[in-house]
S.K.: 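A single structure is presented below for examination.
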Amino acid sequence: MTGSALPLFVAVPLLTAAALVLLRGRPRLDGVVLGAVLLASTAGGVLLVLGARDGDVLAHGVGLWPVGVAIPFAADMLTALMLTVTGLLSATCAAFAVASGHARAPFFAPLVLVLTAGVNGALLTADLFNLFVFIEVMLLPSYALFVLAGPGRGRLRQVAGARLYVTVNLLTSTVFLAGVAFVYGVAGTVNLAELAGAARESDAVATAVAVCLFALGIKAAVVPVHGWLARAYPATSPAVTALFSGLHTKVAIYAIYRVYAVVFDGDERYLWVGVAVFSVTMVVGVLGAVGETTTRSILAFHMVSQIGYILLGVALFTLAGLTAGIFYLLHHMIVKASLFLSTGAVEERYGTGRLDRLGGLARREPWVAVAFFAAALSLAGLPPFSGFVAKLSLLVAAQDAGQVVAVVVMVLVSLVTLLSMLKIWSGVFWGSPTPPETDDPSLTQDGTGAGPSSTSSGTAAPAATATLAPAVDAPARRIGAALLAPSLVLAAITLGLGLGAELLLGLAETAAAGLLDPSAFVEAVTGS
Amino acid sequence: MTGIDVALALLVVACLASTYRMIAGPAEADRVVAADLLLFGMVGIIALVGVRTASAATFDIVLVASMIAFLGALSLARTLTRGNR
Amino acid sequence: MSALEIVGQVLVVLGALVFVTAALGVVRFPDAYTRISAVGTAGGAGIVLVVVGALLLQPGVSAAVKVALIVALQLATSSVGTMAVARSAYLAGTPLRRKHYDDLDTEGAPR
Amino acid sequence: MLLLCLAAACAAALLAPALGRRLGRAAGWPIAALLVAVGVLVVQTSQPDAVTAAVPWMPTLGVELAVRLDGLSLLFSLLVLGIGALVMAYSARYLPTGRHGGFYGLMTLFAAAMLALVLADDVVLLFVAWEATTLCSFFLISRSGAGAREPAVRTLLVTAAGGLALLSAVVVMVAQVGSTRLSVILADPVWGENSGFTTAVAVLVAVAAFTKSAQLPFQAWLPDSMVAITPVSAYLHAAAMVKAGIYLLLRFSPVMSDVPVWRVLLISCGLATALIGAVAAMRRYDLKELLAYSTMSQLGLLVATIGVGTPAALTAAVVHTAAHALFKSALFMLVGVVDHQAGTRDMRRLSGLRRTMPVTLVAMTVAAASMAGVPPLLGFVSKESMLDAFWEVPGAGPALAVAVALVAVLTFAYSARLVIGAFGDRTSDVDTQDAGPAGSAGATTVSTTEPDIVTDVPEARPAFWLPAVVPAAAGVVLGLAPWLLDRFVGDAGSAATGDHTDVHLTLWHGVTPALVLSVCVIALGTAAVLARTRVEPVALRLRSPVSGLAVVDALRARTISLGQRVGHLTSTSAPRRHLMVPVVCLVGIAGVATASVHGLPDVVGDRDVPLDWGLLALVAVGTLAAVMARSRVAAIVVLGVVGFTMTVWFYSLGAADVALTQLLVEVLTVVVMMLLLRRLPRTFRADQKRSAVLPAVVALGAGLATTLGVLALTGRREMSPVGEYYAREGEAVTGGANVVNTILVDFRAFDTLGELTVLGVAGLTIVVLLRSRRLLPIKPLDTSRAATSPLADAQANTVFTRVLTRLVGPLTVLVSVLLFFRGHQEPGGGFIAALVGGAGFALVYLSAPSDAAAKVRWPYLTLIGLGVATGTVTGFLGYVDGSFLTPLHADLLGVHLTTALLFDVGVYLAVVGVVLTALNLLGRPRPSAQSPATHRAPPDQPDPPADEHAPTIDHARTEEVEHA
Amino acid sequence: MTLALAAGILVAGAVYLFSRREMLRVILGFVLLGHAVNLVLMAAGGTSRRVEPIGADLDPAVVADPLPQAFVLTAIVIAFSITIVMLVLAVTGRGDDDTADVLDNDGTEPDLEPARTPTSTEASA
Amino acid sequence: MSTLTWPLRLAWFAAWYLKEIVVSNVTVLRDNLTPGQAGTPGIALFPTRCRTDTELTLLAALITLTPGTLTLGTAPHGAPEDPRVLYVHGIYHPDADALRADLAVMESRMLHALRREGVAR
Ligand code: NA
Ligand code: NA
């Protein structure tokens, strides 16, 4: 593959998206095209991985303008891995959406394609302003996907969630843009390669880039700017939650890795901040998760926690740390999507994700149980799943770097992770649906139980609504193979990546080496 | 201090005055009226800024402005009647 | 400074003064309708003076054509826009202060 | 070869489910045979020196599938496989008929995991196997019905916590030594050099082992897990789960035996557990529970013995491990036989079984005697060695030995209690009286509601009791001929001590302090048994003040409620809190930067012109007004002040294109807002002073931060190199004089492609949103004038705008086209032209006499699609010249043409498409969406009381008063 | 100086509006924030050079940096797109554009309950 | 009165109108600069003689552009022969009739200038 092919990762999905909008109303065509493009994108990613095995970096100045003028696209191992896994995830989630019928909603396919184009562009670009643009290209279809529903079926919580999602993301990208402006103000360029090491040399550049990194931190849902994700993600449909979980925060994390590696050149003066913040992120996220009472809200808080783990890799900024972080990132994308899809399958078929209204699915839906449990154990870092390798390598790296507190935090958090996964497990897969308790004080306070108090005391309202709604009856039809397959495939991958971890570990190490010494990246971009 | 500077200062004052009326109201119509004046004032300011900076596009911009600024006025008028035509 | 420029400077200042007058009206007149009345003037005469003045300060043939167009356009759009505001204000129930006569009130619309 | 053993075990685990499905419960026999075969293979492989083998697993981390077979591994392997085989064979009769794929699969997997655990020579592999046993036990326990789930969860949590301790130890060791090889790590000199490291690992390993072996304070799970079926319990307690902890301790003994914290921890926790377990066993009426506590107690002894750390102690521990495995497996299986035959294992309900179940009686008596340390059984040999070892401890020796002896007395007592309880006659009802309090301590206590006495229980078939009898018999054989174990124990002891240890086990040591103690133990034990009606009530009162289960549950509940509190901090879907927190953080960043950034370059040139101050004043007033606005119309009107000021400012900064764009966007935004404001209430809620102060402070901080940022980070350098390139070369290389436009369509067309995509998708988003959700209803204008006034007629009164549209409409088209084509040279271009075009459509919409009559019904989605497609296709054309979006140039008839123009067409289409989308979907009635066919029509809300009055000045005031 | 002050004032206004519960005010806050960032972008190019970058071989000493202008153009259009989307989100809620909690903690939705008349007590944070 | 004089008539009207605007502006300015308000505002119905939409629009616009007067709108006319009416808001006219008189003057001059054949009174 040559560098000039890199823009195709954006152009092909965009063009097909446009074509599908023009040829609208043909679900089968939509599905076929969507699948084909996503798989092609994945295949392209695999090709790039193969080409980047020796640490080579592919770069291309779009439009063949001089270096510094052209928007540079560049792909090293990290980019290639991200392209591959995001493509795979999008394909899987799309398959789930087709199976759940969600893909029949208007414009699902073109929106996912534009999202893919945005993700690919954001991963490939080596220009900060262009990154801003591609983040927006990711976001706009996401806003639409967030509220996607059948005619007149959009729910209020989708709108409320979308408001939160849109506003926070808009704030994020605006802050990012301000950071880009400051970078241009002090450095006179927004080209990553030209900015290489600039933040290490100049505090002013460091400040400017810190604004960008902070914006990416909001997007990645780092504590204390994490609350939006845990609140917004469960508000949309399961397929979309899964899709977002694999793409949005992860692109932000990728960008944090890249920008810190290139512009800060891994400046060790600031690493302790990262270690501290990301450790707190792990703790707050997992505690939030363990306190939630629906499958997706638990999983959403877990994302926060796991993001702390992933970002710890960059805060260590050693070869081992970066390797572990990258491995963790890729592993987590797969596992989190698998979890969202298996619980999503339950939600699609049983109509709720509430732990108190589900039960006994281990017997009724054994394969869903298998998929969920495998991914849940992987998330908690138990062998023989990829999560174990991820956690182990990160722990060793942190210990190597002398970050004992982070090690302790990671260890304790993984226990609470297990606890929360067991909460889902026993709530959904064991037992039988239990009627909720009715003696809720808020019911006696004001007749509806959903008064102003619902803001301050979040547990008051759910019980009130629960009393109105009977426990869920098992639907006539079980979860079909099509709805099940995506999560099962991803669960199988996490098992495979645990047993055969070396495949990905080796690649992650190559990617990490590229971050540790970004000269190859810089040279490729400035030489394109 | 040329005439343009004086005129610009006066126009800025006019715009500030219209902003006062926007805040003070009291009726929604008063705010919209003030907005109308502001639109015109801005067209004037644009023309003068164009001259002052020797812009190549002074009258193009003023033309576009005078062509579409009143869409704003129409829209604001429409908000008074909650969309009734 | 050429004569053209001097005239131009004078015109723009005059135009700006019209604006100030209108602004004064908007601030001091008692109700929405009288204020609208004042604004209509600025949108017409004020702009025309300013733009023509600007033309004299930045003269040119194509500019002159554009300015002619602008003047026509501005008079048309500002008056129509102002009328729309006035009518909407009335329909929205905006009260008329100190009114001495009202032909619209003969239909018995409640005061 | 060694790896082959492991592979064989794994293969057996893979095969077992199929066997279990195909053969039903009878699969136990072939599986037992498989395990025996693996055991034979292991023995065949073993050599006097350690056998090792390794294949790479994760070279990046240095992790290998490394196995090592030394004496210790061999002993444990044989226990795992041998007891495993017995339990499998036992299961073949114990289980009900039917499919048992899951059970056999898990059990065999358990065996394989244990085998891997004891063979592992890589700490990561060791940990993996460790966790595998945790998971297997979780599943095996949880399979036993609904009541088993909570215990399974608790077991998992406790043992997983221990696993994490082990993981931590692994991490610390790997990071310190730089190798994952267990043998390498243990041979490293660091143990003697770095006491901090050694202490840390000692504690972590001990904690890991304690959780697995149910030592204080992690003992809770073990009795809890009694809900599992008997074969599971037998395996867990005799050879598998709990022995993993013992193995780990023994494995680390060579480097730990001199570490004080290790010794203190092991001896104190071990002895405490031994005592508590023994006392608890005295209180239990459930035979299985009694055995469970006895396991706790016995393991406590083992742990304490290992803690002593002398070669003699370690050897004793090894022997006792073997002895315990034999008698405990036998006892569990025999209790299972009783349970199976009698239908209960409550000793208060079993009566006279000694008459009907002779084989079981004999076997259980023998096994219990071994447990009690009665000669000539293996249990006696091991207990003697332990007492010996304790006696020899310098300083505290006799005291420790006496403590151990006390445990031994209790052991004797509960062993007897077990046998008598199972097989004795029920003569009085004393036993049943105190069932209540005993039952409340554990969740698994046998129901006491119907104390029917069970008698005349038939003896089991030989195939059933045989697997249980074998280990009991082995205890006799090895007790009489303990030298048979010399090689095994010697090799194992060598591995555990780290030095070569010769072992000569004998039944008769001569008269030693241990023997004296043993005699005392047996005497006292016998006395206790004889006086058991007086001893048991005492034991019943000796309940621990805190229940381990309660602690685990409380920790879990605390964690969850803490989690709820943490979640509540952010549990609102209202954007405000989620927006304010990042702002506060940014202010913090600015503060840090202000304090730390020094040596900024000087400001270049004069940054301000006088007009800027006027514009600043307008921005300030407009912003303040926007903040203070009480009504929605006021808010958007004053926002216009800011927007138009921005236009002027851009223009004054030399950005004509930006100014034009800003102007057009400003107007179009107002148009769209007009379409939507009619669906919203007129006024905002009043800001309460209390709720406004903090945001105001944050806002001022953010403003200050921004100002400082701009002052510090901008305006302090000359033109950037890239800016200079554009200025100097832009026209030459693109043919376009309007440099900004050439950036948009040539240099950075990729940005623009993204931008037009964003626009287009915004249109799609509106479509999608309005298909899935209805718009709020329009809040009608509530004045009589709107209905009755002569001015109310829309058809008549739109005459002015319609006439004007006839003039302005064509002009708009013309201007739009001109702006489009000249964009490359002068201000204009696709965006601006399209925005003008969009404004034209807005004009058409606004001037129409009714929403329905507005001629804006264009195929907006097609326009959007075409726009994005055109932009992208133009990009593909660029490949002709080598790259995506490279502009192609051609001179046609003297006119310079570039594909940048085609690209601009794409921009144009997308922009117009979006404007049309908004006008059509927001401004025009949509019968399909408004009809009651969409059944979830929200009720048309009654207007808020505020809207009932004409919006006069007074009204506006009252409204504000009401809200204040 | 003036741009810095203006950006600061705009940001302050925006942030204050973010703290309000009506969606429209939040949106207006974003419009202000967008203006602020555009000013920052313009400032980043340097405001001492203001000559329109139109023509050939321009003098970098006086001509305005065109790159930030292109950035601002892009930013304006993107912000416009999102503003429209947000506006539509503001009018597809329950009774008005109030953003107070409609999601309960466990994700259930009291969508079918009648809209409540807002009271002043709810305005507090 | 013919097509030939049409441009002349237009120009003359424009000049007259310009003078009217200056005069009215001064009135408004004086009113604004002196304390208190001298105006006698009101709304008058003005039946026009305009025949086309364009004429009506132009008249309405001219009224609006003149300081002190403002067209509020028009009303539907029942039959084709009914006059097109405007509702005009005036500030400085003592009563509706005075306002109508002034408006009539402007209307006559406008129609005279506008119609190619001159106005048919
Ligand atoms: Na449940
Ligand atoms: Na007037």
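Each chain gets a letter, A, B and so on, in the order the sequences are listed, and its residues count up from 1.
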S.K.: Could you tell me the separation between the CD1 atom of I70(C) and the CZ atom of F59(B), rounded to the nearest 0.5 Å?
M.R.: 6.5 Å
S.K.: Check each atom of L55(C) against the heavy atoms of chain B and say whether the ones under 4.5 Å are side chain, backbone, both or neither.
M.R.: both
S.K.: Is any side-chain heavy atom of L10(B) less than 4.5 Å from a side-chain heavy atom of F19(C)?
M.R.: no
S.K.: Can you name the closest pair of heavy atoms from A54(C) and V51(B) and give their distance?
M.R.: CB-CG2, 3.5 Å
S.K.: Can you name the residues of residues 43-50 of chain C that have some heavy atom under 4.5 Å away from a heavy atom in chain B?
M.R.: G43(C), I47(C), V50(C)
S.K.: Could you list every donor-acceptor pair linking chain B to chain C (distance under 3.5 Å, backbone and side chains)?
M.R.:
{"from": "G3(B)", "atom 1": "N", "to": "Q9(C)", "atom 2": "OE1", "distance (Å)": "3.0"}
{"from": "I4(B)", "atom 1": "N", "to": "Q9(C)", "atom 2": "OE1", "distance (Å)": "3.0"}
{"from": "R21(B)", "atom 1": "NE", "to": "V26(C)", "atom 2": "O", "distance (Å)": "2.8"}
{"from": "R21(B)", "atom 1": "NH2", "to": "V26(C)", "atom 2": "O", "distance (Å)": "3.4"}
{"from": "R21(B)", "atom 1": "NH2", "to": "V27(C)", "atom 2": "O", "distance (Å)": "2.5"}
{"from": "D30(B)", "atom 1": "OD1", "to": "A32(C)", "atom 2": "N", "distance (Å)": "3.4"}
{"from": "D30(B)", "atom 1": "OD1", "to": "R35(C)", "atom 2": "NH1", "distance (Å)": "2.4"}
{"from": "D30(B)", "atom 1": "OD2", "to": "R35(C)", "atom 2": "NH1", "distance (Å)": "3.3"}
{"from": "D36(B)", "atom 1": "OD2", "to": "T82(C)", "atom 2": "OG1", "distance (Å)": "3.4"}
{"from": "S55(B)", "atom 1": "O", "to": "Q58(C)", "atom 2": "NE2", "distance (Å)": "2.9"}
{"from": "T58(B)", "atom 1": "OG1", "to": "Q58(C)", "atom 2": "OE1", "distance (Å)": "2.8"}
{"from": "D60(B)", "atom 1": "OD1", "to": "K66(C)", "atom 2": "NZ", "distance (Å)": "2.9"}
{"from": "S66(B)", "atom 1": "O", "to": "T77(C)", "atom 2": "OG1", "distance (Å)": "3.2"}
{"from": "A77(B)", "atom 1": "O", "to": "S88(C)", "atom 2": "OG", "distance (Å)": "3.0"}
{"from": "R85(B)", "atom 1": "O", "to": "R87(C)", "atom 2": "NH2", "distance (Å)": "3.0"}

S.K.: Measure V27(C) against the heavy atoms of chain B and call it side chain, backbone, both or neither at under 4.5 Å.
M.R.: both
S.K.: Indicate the atoms forming the closest heavy-atom contact of V33(B) with A32(C), along with that distance.
M.R.: CG2-O, 4.1 Å
S.K.: If I compare all heavy atoms of G3(B) with all of V13(C), which pair ends up nearest, and what's the gap?
M.R.: O-CG2, 3.4 Å
S.K.: With a 4.5 angstrom heavy-atom cut-off, could you sort out which part of I6(C) is near chain B: side chain, backbone, both or neither?
M.R.: neither
S.K.: Under the side chain to side chain contact (heavy atoms under 4.5 Å, CB included) rule, collect the residues that match up with V65(C), sequence neighbours excluded.
M.R.: none
S.K.: Where does L76(B) contact chain C at under 4.5 Å (heavy atoms): side chain, backbone, both or neither?
M.R.: neither
S.K.: Taking only residues at least two apart or on different chains, which pairs with a member in residues 6-15 of chain B satisfy side-chain hydrogen bond (donor to acceptor under 3.5 Å, both in side chains)?
M.R.: none
S.K.: Quick check: closest heavy atoms across V85(C) and A73(B), and the distance to 0.1 Å?
M.R.: CG2-O, 3.9 Å
